Asks: 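I'd like to ask you about the structure that follows.
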Amino acid sequence: AYSCNCLLGTLVNKKHLDKALELYMQMMHRGVLPNGSTYAILIRGFSKSGNVKGACEMFDEMRELGFRPDTMTHNVLMGALCRERHIRDALRVFEMMDATNEVTFNTLIHGVCKYGKVSRALELLKEMSSSGFNPSSFVLNTIIARHCRDREFREALILLRKMQAAGSEDVVTYTSLIDGFCKGKQIQRALEIYREMVSKGCSPNNVTFNALIDGLCKSSKLEDAHRVLEEMVMKGYQPDVVTYTVLVHGFCEQGRLDGALRLLEMMLQKGCAPDNVTYSTLICGLCKESRVQEAFELLEGIVSRGFAPNVITFTAVLDGLCKGGRLAEAGRIFDRIVESGLQPDEVTYMAFVDGLCKHGQVDRALELVEQLEKQVFFAGDHIYLALINGLCTEQRRDEALEVLRQMVLKGGVPN
RNA sequence: CUCCUAUGAGUCC
């Protein structure tokens, strides 16, 4: 079993889950008894490949065969469940554990903070302490980040003070708060935290600066953003792709495409590679300024240089073309998404359906939705609203009513 | 050996 496990581990790490499963089957057939590690490895494999269901099945099989999963195996499964937002199931796994460790709590609290209720996370934090584990700054930072997301700054600050008292706060702690305040449109308080962290001798990093710059840009304070950028450079930090993209976004929002394009040049010059976020931001900015042609050319340009746009970048172009009334070309982008091996997502469909409906091509929109609903049962309220609007605009009330009926039939909720 | 915490992009409303 030991050698098999080694091999299994290698297969799983190389993402050859199918081969790993085959080996597992062979083990069973040839009478090589798997042990607890065998399952831990397989469950980790399923978990890493995003197949929670498989991980759960493995887990059940393991228990049916009389193995008691150890703490680590439980942790792996819980991690997988948390990543898929199945918090209830993760908590159920937790309930049946008879031995936990620090990772157990870190995993769960992280999952609950991300997708569950804060109150539950706080309960777990208490339980963590009473089980004899000292909550690390890792887990406390997770909770602070959640409070910030909820704009519960009072709670976040209480935790910060506690961490400061213990001397356990770090750059992540401060950056979470800075970002939270920025997103809550409280730039002043974000700056206060920034000054506080510096005065306490905690060094900011790129993430800190990027969060601040983004906050300033989104509050239309481009000049201040620029000042922070200068401070960042002066202190010896290299602006990275996020820094540039945040600034590009800022310029785009102000309609200053010249500035945005100059930033693109600058980053290329400095050897900082733009990514899909950068390009989709620029494309979107160009489209919003009715410079769809340039957006389209930008897309062609990056593709011809070997860059692989993702579904968001394509959709940004598709939407621009739709809004410019160039529906045939939008259709070609849609096809290209599929040809590139990508999946059009709900936003892609929404953009295209909306574009078709608003340009008198409701029939094509209806076809598109029909095609979509071969893959998913219900396209969604917003798509149906667009269809109904389109039909009404064309005075096709009976069909609109029929679409409404379909929508309700599929569980949609008309507003 | 398992958790890996903080920053940027697209649609409709």
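These numbers come from a predicted model, not from an experiment. Computation of the quantities below employed the complete heavy-atom set of this structure, encompassing side-chain atoms and omitting hydrogens, waters and symmetry-equivalent molecules. Just so we're on the same page: letters track the sequence lines, and every chain starts at 1.
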Asks: Base, sugar-phosphate alone, or nothing: which one does A:Ser136 contact when heavy atoms must sit under 4.0 Å apart?
Replies: nothing

Asks: State plainly whether the residues A:Arg120 and A:Glu123 are in salt-bridge range, i.e. N to O under 4.0 Å.
Replies: yes

Asks: Enumerate the residue pairs fulfilling ring pair (Phe, Tyr, Trp, His ring centres under 6.0 Å) with a member in residues 268-296 of chain A, sequence neighbours excluded, ordered by first and then second residue.
Replies: A:Tyr279-A:Phe307

Asks: Pick base, sugar-phosphate or nothing for A:Val241, based on heavy-atom distances below 4.0 Å to the nucleic acid.
Replies: base

Asks: Of all nucleotides in RNA chain B that come within under 4.0 Å of a heavy atom of chain A, which is furthest toward the 5' end and which toward the 3' end?
Replies: B:C1 to B:C13

Asks: Give a yes-or-no answer on whether the side chains of A:Asn415 and A:Asp381 include a donor-acceptor pair shorter than 3.5 Å.
Replies: no

Asks: Answer yes or no on whether A:Lys410 is positioned over the face of A:Phe377, meaning its NZ or CZ is under 6.0 Å from the six-membered ring centre and within 45° of the axis.
Replies: yes

Asks: Regarding A:Val242, tell me which of base, sugar-phosphate or nothing describes its non-hydrogen contacts under 4.0 Å with the strands shown.
Replies: base

Asks: Under 4.0 Å, counting only non-hydrogen atoms across every strand here, what does A:Lys114 touch: a base, just sugar-phosphate, or nothing?
Replies: nothing

Asks: Under the 3.5 angstrom rule, does the side chain of A:Asn276 hit a backbone N or O of A:Ala308 as a donor-acceptor pair?
Replies: yes

Asks: Select base, sugar-phosphate, or nothing to describe what A:Val311 touches, counting heavy atoms under 4.0 Å on all strands.
Replies: base

Asks: Side chain of A:Arg151, backbone of A:Cys148: donor and acceptor closer than 3.5 Å?
Replies: yes

